[in-house]
Amino acid sequence: MERDYQPSVIESIVQAAWDADGVFRRTEDPNKPKFYCLCMFPYPSGKLHMGHVRNYTIGDVISRYLTMNGYNVLQPMGWDAFGMPAENAAIKNQVPPAAWTYDNIAHMRGQLKQLGFGYDWDRELATCTPEYYRWEQWLFTRMIERGLAYRKKARVNWDPVDQTVLANEQVIDGRGWRSGALVEQREIDQWFIRITDYADQLLEDLETVDWPDQVKTMQRNWIGRSQGVQFSFERPGHGDRLEVYTTRPDTIMGITYVAVAPSHPIAVSAAQQQPALAAFLAECTQMKVAEADLAQAPKRGMATGESVIHPLTGEEIPIWVANFVLMDYGSGAVMAVPAHDQRDWEFATQYGLPIKAVIAPQEADPSYDLTTAAWTEKTGITINSGVFDGLTFEQAFAAVAARLTELGIGQITTNYRLRDWGIGRQRYWGCPIPVLHTDEGIKPVRDQDLPVVLPEDVVVDGQGSPLVRRRDFVDTIDPDTQRPAQRETDTFDTFMESSWYYARFASAFSQDAMLDQNANYWLPVDLYIGGIEHAILHLLYARFFHKVLRDLGLVSSDEPFKKLLTQGMVLKDGSKMSKSKGNTVDPQALIDQYGADTVRLFTMFAAPPEQSLEWSDDGVAGAHRFLKRVYSLVCDAVERDDATAPWTPDQLSEDARELYRKLHQTIAKVSDDIGRRYHFNTAIAAVMELVNQMQRFEPTKPADRAMYREAIEQVVLLLSPITPHLSTYLWQALGQTRPLHTVAWPTVDADALTRDVLTLVVQVNGKLRARLEVAATASEAEILAQARSEPQVQKFLEGMTEMKAIVVPQKLVNFVVKPA
RNA sequence: GCGAGCGUGGUGGAACUGGUAGACACACAGGACUUAAAAUCCUGAGGCAGAAAUGCCGUGCGGGUUCGACUCCCGCCGCUCGCACCA
């Protein structure tokens, strides 16, 4: 073996052998427990960045560890290949998006292989291929059949820079999530998917998954389920009624006005006779988005001059238009109770509308002052409410709801913040929506005519979608009537592709169905690893798709991802790596300089996965240094040719026994850190400690030498999930013939961990005063006696009265004293 | 504004169930090897006092619970993330 550690030589040899032997190819095996470990697949942007390296190393370490522990581990990889960057690159470089994308994939695949990730490449998929998206098109036509997909004219978020429609989730503070441009409102015919039909399940099944609370909370808030009452007001002289939704029916007697959204039909029709109101409405549609990002947009409104009748008092109540009322939540109109809703209070105060208290606190409450703010607690008692007086929130809610139901004008309803998912995009580089526009209306494309293939030989010039201009794509024949028809030119939101790729990996070879029975062998994903930035969008959509797939009989589980691990960001100089800040680190340069094992080791060592990772070039050099030390440790052992003769622990010298104990402590620690805690940094630190101790150890006796040799082998195994190339090479150098990837993970010799002598800590009043060597078998009385006799302890017991003594077995003794 | 998380040496971090604070590493300093440097190896190190033994202080700040608190509770300060008129 070479005296010098040469990572590039070792790594390419080892990788070639993995490739040749198909080491990571996986099939279903009923005799082993399965484990499906999935990392979020990348967008093929051109080259890997540090975030990818970190994400995929975490998954690879866990996968390799579990494989050594007898699991049948599936770890696939693919490409989230549709999306706008390809179109932008096409405009810039005059390259078709497809060619650009496939080139990037080829390069990044090479980088992933260089990093030594153990993927089953036979299952690789790219979402931009017809083999993949044909099943998405198939699923979409099933959704149309089931009424889950529908078309409606809707006000949509229009991104003027990207020239596309955005989902609500893609609008951040009134700006496009990718372009950052101010979003405008437009009316467009759109495809929607009824994710709201699954809102309850999406909410309730969160209880069943092992996800970070933070992510679950974000999803719960996003779904935003609320219980309330929907009821309607009579509109005198109009013959129709005004619907409102409230979560506070207990305050119904405090209504002093009703507010409608600026785009509400009542506001629009009232504006026809009132130029001032019309001007205000026009202003609102412009302001809506522009001011959405302001923390506290001022409340503005205008009276319509119309009114409704209070359903319980018969009073006449004015209708106002208010800019803070949302058209697409509830019915776009609210009952206003300024005494008990802060928004209503601010509005009423501004426009001089009456404030009527109908809830009083049960006990004196200094925050109850309706001249300064609304009182919105649900802990009060109803007042000024006639027959409803003296009730708690729950009682009043039930009584008012019952009364409105009895009158036939209302009922208890559940509302959601979550909206249906608009999935159409006016972009070229995406999956074609498989429908035809015929003279009989819109029709889904028949199964036998799928896939609708996206033409790849196009010129993208930024002037709208090239698909619209492709007559050979657009013009077709309605198979039912044989008359001309046009294909839809909108494509799917790319979140559609990423919503089911995890399932396709598990059924990658199925030719004539979206998924086959193997999907149920692998699913659900046991561990899903990725960035927290996908906490809402991607993870919610994928959960929704999974339930749809389940209802179509394609999968048998309720949830796609059993456990979720969200990794932190990679930082440089305290902030996120970005091109604009110029603080990026290119993983390729590091692989070239130090090798993949060093890069893997450092990214795992620098911080635990959920935390952000501060990049340090010096730290990488340090990680490399450690691997060189391990390398030369093995080198020395190979040169010395220590015998592997049989030996027993009682033949070991004192020092050797201590090292042997350290070895098994380390095995226990590393197993727990990798297998349970996913804290690789401390696992690595433990191996470093062991290696440090081994370097100081000079084996002389035959048994010591044999034990030392074994310890070296175990170190190589303990590091192997993290530095698989080096470990594979060293394993062979140590004369092992069995392939490393089939070797079982080291087991702990429990006897090695027991000690005859323990070190206890002695405290006086909680302060550390001495250390004590005691026999493991010593009784509490013996320990106390020994502790009291320590000079350092006596010094502090001198002249004191001992109140009590606490003995914590294996750990410490604490004397509680006070001055005599 | 609301919600969640975090705050430990010069730096990244460790201390998992309340029981030796600072493991491991980086940077730094001193030494060995070398003609010299790099590489490698050894040693040192939270702060203050002290030659040392040792003592006191110390996990954002203030309080509390406890024999004992980085860890639990209350209040503040700071940073990060998410949501932001959802009636």
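Here the structure is a predicted model, which means the values were calculated and not measured. Every chain is numbered from 1 and lettered A, B, ... according to where its sequence line falls, protein lines coming before strand lines.
- A close approach under 4.0 Å does not occur between any side-chain nitrogen or oxygen of A:Arg696 and OP1 or OP2 of B:C42.
- Across all strands shown, B:C76 pairs with B:G60; the Watson-Crick or G-U wobble distances both stay below 3.5 Å.
- Figure legend. B:U20 is base-paired to no nucleotide; pairs are counted as Watson-Crick or G-U wobble with both atom distances under 3.5 Å.
- Comparing A:Leu613 and A:Ser616 along RNA chain B, the residue whose closest nucleotide (by nearest heavy atom) sits nearer the 5' end is A:Leu613.
- Shown here, B:A38 forms no base pair; nothing in the strands shown gives a Watson-Crick or G-U wobble contact with both key distances under 3.5 Å.
- Here A:Arg417 reaches the OP1 or OP2 of B:A84: one of its side-chain N or O atoms lies under 4.0 Å away.
- In this structure, A:Gln611 reaches the B:G13 phosphate: one of its side-chain N or O atoms is under 4.0 Å from OP1 or OP2.
- The residue among A:Phe796 and A:Asp672 whose nearest nucleotide of RNA chain B is located toward the 5' end is A:Asp672.
- Ring centers of A:His624 and A:Phe602: at least 6.0 Å apart, outside the cut-off.
- For A:Asn814 and B:G18, the CG to P distance is 18 Å, given to the nearest whole Å.
- To the nearest angstrom, C1' of B:A87 lies 9 Å from CG of A:Leu326.
- One can place CG of A:Leu537 at 11 Å from P of B:G82, the figure rounded to the nearest angstrom.
- At a threshold of 4.5 Å between non-hydrogen side-chain atoms, the residues A:Asn681 and A:Met604 do not count as touching.
- Under the 4.0 Å criterion applied to side-chain N and carboxylate O atoms, A:Lys378 and A:Glu394 are not assigned as salt-bridge partners.
- Base orientation of B:G9: syn, since the glycosidic angle falls within 90° of 0.
- Remark: A:Arg220 is not in phosphate contact with B:G82, judged by side-chain N or O atoms under 4.0 Å from OP1 or OP2.
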Exercise. Verify ring pair (Phe, Tyr, Trp, His ring centres under 6.0 Å) between A:Phe192 and A:Trp421, making sure each step is shown before the conclusion.
Key: CA-CA 5 Å; A:Phe192 281 82; A:Trp421 177 13; over 10 Å; no
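- Summarising the geometry, the separation between CZ on A:Phe815 and C1' on B:G19 is reported as 15 Å, rounded to the nearest angstrom.
- The separation between A:Gln214 atom CD and B:A4 atom C1' is 6 Å, rounded to whole Å.
- Residue A:Arg769 places at least one side-chain N or O closer than 4.0 Å to OP1 or OP2 of B:C56.
- When Watson-Crick and G-U wobble pairs are counted only if both distances are under 3.5 Å, B:A25 pairs with B:U11.
- Looking at heavy-atom distances under 4.0 Å, A:Gly224 makes no contact with the nucleic acid at all.
- Annotation: B:A25 and B:A15 have their C1' atoms spaced 16 Å apart (nearest Å).
- As judged by a 4.0 angstrom heavy-atom cut-off over every strand, A:Val687 is placed among residues making no nucleic acid contact.
- OP1 and OP2 of B:C24 both lie 4.0 Å or more from every side-chain N or O belonging to A:Gln693.
- Here A:Arg629 lies in heavy-atom contact (under 4.0 Å) with sugar-phosphate atoms only.
- Counting heavy atoms from C-beta on, the side chains of A:Phe231 and A:Pro311 come closer than 4.5 Å.
- Using the Watson-Crick or G-U wobble rule with both distances under 3.5 Å, B:C83 pairs with B:G1.
- Look at A:Arg625 and you'll find a side-chain N or O under 4.0 angstrom from OP1 or OP2 of B:A27.
- Using a 4.0 Å cut-off, no side-chain N or O of A:Thr759 falls inside it from OP1 or OP2 of B:U20.
- Among the atoms of the strands shown, base atoms are found under 4.0 Å from some heavy atom of A:Gln763.
- Proximity of A:Lys767 to the phosphate of B:C57: a side-chain N or O atom is located under 4.0 Å from OP1 or OP2.
- In this structure, B:A49 and B:U54 make a Watson-Crick or G-U wobble pair, each of the two defining distances being under 3.5 angstrom.
- For the OP1/OP2 pair of B:A25 and a distance below 4.0 Å, the side-chain nitrogens and oxygens of A:Asn692 include at least one atom meeting the criterion.
- For the OP1/OP2 pair of B:A14 and a distance below 4.0 Å, the side-chain nitrogens and oxygens of A:Asn681 include at least one atom meeting the criterion.
- In this structure, A:Arg769 is positioned above the aromatic face of A:Phe796, its NZ or CZ under 6.0 Å from the six-membered ring centre and within 45° of the axis.
- Taking atom P on both nucleotides, B:G9 is separated from B:A23 by 13 Å, rounded to a whole Å.
- Aromatic ring centroids of A:Phe324 and A:Phe347 lie under 6.0 Å apart.
- Taking 4.0 angstrom as the limit, A:Tyr329 places a side-chain polar atom (N or O) nearer than this to OP1 or OP2 of B:A87.
- Atoms CD1 (A:Ile536) and P (B:C81) sit 15 Å apart, rounded to a whole Å.
- Of the listed nucleotides (B:A25, B:A87, B:A14), B:A25 has the atom at the smallest distance from the side chain of A:Phe605.
- Between the P atom of B:A84 and the CD atom of A:Glu346 lies a distance of 18 Å, rounded to the nearest Å.
- The interatomic distance linking A:Trp345 (CH2) with B:A87 (P) rounds to 21 Å, in whole Å.
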Quiz item: Given the rule in the salt bridge (Lys or Arg N to Asp or Glu O under 4.0 Å) test, do A:Arg220 and A:Asp213 qualify, once you have shown the distances and angles that lead to the verdict?
Solution: CA-CA 10 Å; A:Arg220 269 187 213 109; A:Asp213 284 338; over 6 Å; no
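- Residue A:Lys216 is out of contact with every strand shown, counting any heavy-atom pair closer than 4.0 Å.
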